[in-house]
Amino acid sequence: MKRKFMLMFVLTMSIVMWAQRYQTKADICYTTKTDGYAQERLKLDVYYPQDKKDCPVIVWFHGGGLEAGNKEIPAQLKEKGYVVVGANYRLLPKVHVKETLDDAAEAVAWVFKHIKEYGGDTRKIVVTGHSAGGYLAMMLCLNKAWLARYEVDADDVLMYVPFSGQAVTHYNVRKMQGLNPIQVTVDEYAPLYWVRKDCPPFILICGDREQELFGRYDENQYLARMMKLVGHQQTYLYEIGGHDHGAMVGPSFHILETHLRQTLKEQK
């Protein structure tokens, strides 16, 4: 009986210790902007292991069509040795998309400046997100000017992994321009406008081409083709068959982690 009790005690303590290994620091203000909406909205959460250093860092931008949504730490990224940052940004139509993009850039710049405080390694930062969040990741990758405003080189990010991001001008940006979701344009707010050959690994993930939102897979396929034609050798495109715009999120984390592990292995 005593031995059984001791075994249960050790098991219980192990579970408690495991549960205590990770912490979340919530609602950190990452902006220098002083207007009321920015002060209300521009916050992030950091989920991190307490007893590790030099961890890979995953910056996650939420979806919601640039008009809705809130910061989150995806469950699929928890308890895996990552530092995970979930960031909010200002939403359309309260602001112009250029302000939303600037917010995303400022959040990533904050990560470069502060993530070592949470055990993260600035050489291992991944920028990702779903839908609108994927669009933001694409834009930060391809148009270096956004991060350069905060003295960050977009190429210092380890990789960009947009989940079902929009490659043409985002449909809610076009709505603010008086266009409908099917009236496609490619302007300075389209990732396709900024294709370049010298960016970090660029992993594009979409759901089933017949089930995705507004031809999202086809946009990404064209973006991947243009990236390869311009000379970028590390553009990858994945289609998750049988999964629509929302259902594709879960399986996408496996692809992200596979590329992350491989890239970190190659760094050694």
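The closest side-chain heavy-atom distance from Leu256 to Phe163 is below 4.5 Å. Using a 4.5 Å cut-off on side-chain heavy atoms (C-beta onward), Leu204 and Met138 make contact. Residues Cys199 and Met227 meet the side-chain proximity criterion, which asks for heavy atoms closer than 4.5 Å. With a 4.5 Å cut-off on side-chain heavy atoms, Glu106 and Arg149 do not count as touching. Counting heavy atoms from C-beta on, the side chains of Leu158 and Leu264 come closer than 4.5 Å. Between Lys71 and Tyr89 the shortest side-chain heavy-atom distance does not fall below 4.5 Å. Looking at Lys33 and Asp102, their side chains come closer than 4.5 Å, going by heavy atoms from C-beta outward. By the 4.5 Å heavy-atom criterion applied to side chains, Leu142 and Tyr193 are not counted as neighbours.
Summarising the geometry, atom CG belonging to Leu260 is positioned 13.5 Å from atom NZ belonging to Lys265; distances are rounded to the nearest 0.5 Å. Atom CD1 of residue Ile28 and atom CG of residue Asp45 lie 7.5 Å apart, to the nearest 0.5 angstrom. Rounding to the nearest 0.5 Å gives a distance of 6.0 Å between CD1 of Ile205 and CE of Met248. Summarising the geometry, atom CG belonging to Leu229 is positioned 10.5 Å from atom OG1 belonging to Thr235; distances are rounded to the nearest 0.5 Å. Distance check, rounded to the nearest 0.5 Å: CG of Leu136 to NE2 of His170 gives 8.0 Å. Residue Ile182 holds its CD1 atom at 7.5 Å from CZ of Arg174, rounded to the nearest 0.5 Å.
Judged by distance alone, the side chain of Asn220 and the main-chain N or O of Gly165 form a donor-acceptor pair under 3.5 Å. Here the side chain of Arg21 pairs no donor or acceptor atom with the backbone of Glu79 at under 3.5 angstrom. Judged purely by atom type and a 3.5 angstrom limit, Lys124 uses its side chain to pair as donor or acceptor with the backbone of Asp54. Lys80 places a side-chain N or O within donor-acceptor distance of the main-chain N or O of Gln76, the cut-off being under 3.5 Å. With Asp103 contributing its side chain and Arg90 its backbone, the two residues share a donor-acceptor pair below 3.5 Å. The closest donor-acceptor contact from the side chain of His232 to the backbone of Pro200 lies under 3.5 Å. The backbone N or O of Tyr217 lies less than 3.5 Å from no partner atom in the side chain of Arg209, so there is not a single donor-acceptor pair.
Taking all atoms of both residues into account, the shortest heavy-atom contact from His245 to Ser131 is NE2-OG, 2.8 Å.
Heavy-atom neighbours of Glu210 CD from other residues, nucleotides or ligands within 6.0 Å: at or below the threshold of 12. Other residues, nucleotides and ligands place no more than 12 heavy atoms under 6.0 Å from the OH atom of Tyr222. A 6.0 Å sphere centred on NE2 of His254 holds no more than 12 heavy atoms belonging to other residues, nucleotides or ligands. Within a 6.0 Å sphere centred on CZ of Arg123, heavy atoms belonging to other residues, nucleotides or ligands number 12 at most. Summarising the local packing, CD of Glu151 is surrounded by 12 or fewer heavy atoms from other residues, nucleotides or ligands at distances under 6.0 Å.
Connection of Leu42 to Ile73 is not established within any shared hydrophobic cluster, with ILVMFWY side chains joined at heavy-atom distances below 4.5 Å, either directly or through further cluster members. Tyr82 and Val161 end up in the same hydrophobic cluster when Ile, Leu, Val, Met, Phe, Trp and Tyr side chains are linked at under 4.5 Å.
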Practice prompt. Assess whether side chain to side chain contact (heavy atoms under 4.5 Å, CB included) is satisfied between Val46 and Ile115, documenting all intermediate values.
Written response: CA-CA 9 Å; Val46 181; Ile115 209 62; 4.3 Å; yes

Fill in: side chain to side chain contact (heavy atoms under 4.5 Å, CB included) evaluation trace for Trp194 with Met139
CA-CA 8 Å; Trp194 301 100; Met139 287 294 293; 4.0 Å; yes

Discussion item. With side chain to side chain contact (heavy atoms under 4.5 Å, CB included) as the criterion, how do Glu212 and Glu239 come out once you've worked through the C-alpha distance, each side chain's angles and the decisive distance to 0.1 Å?
Written reply: CA-CA 10 Å; Glu212 262 286 9; Glu239 178 184 11; over 6 Å; no

Worksheet item: Hey, mind stepping through Asp153 and Lys144 against side chain to side chain contact (heavy atoms under 4.5 Å, CB included) and telling me if it holds?
Response: CA-CA 7 Å; Asp153 188 337; Lys144 296 183 70 173; 3.1 Å; yes

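In this structure, Lys78 satisfies the cation-pi test against Tyr47, with its NZ or CZ atom closer than 6.0 Å to the six-membered ring centre and inside 45 degrees of the ring normal. Taking the ring axis of Tyr37 as reference, the NZ or CZ atom of Lys94 stays within 45° of it and closer than 6.0 Å to the ring centre.
The closest side-chain donor-acceptor pair between Tyr30 and Asn88, if any, does not fall under 3.5 angstrom. For the 3.5 Å distance criterion, the side chains of Asp187 and Thr169 qualify, holding a donor opposite an acceptor.
Here the two rings, on His259 and Tyr238, have centers that are under 6.0 Å apart. In this structure, the ring of Tyr135 has its center no less than 6.0 angstrom from the ring center of Phe61.
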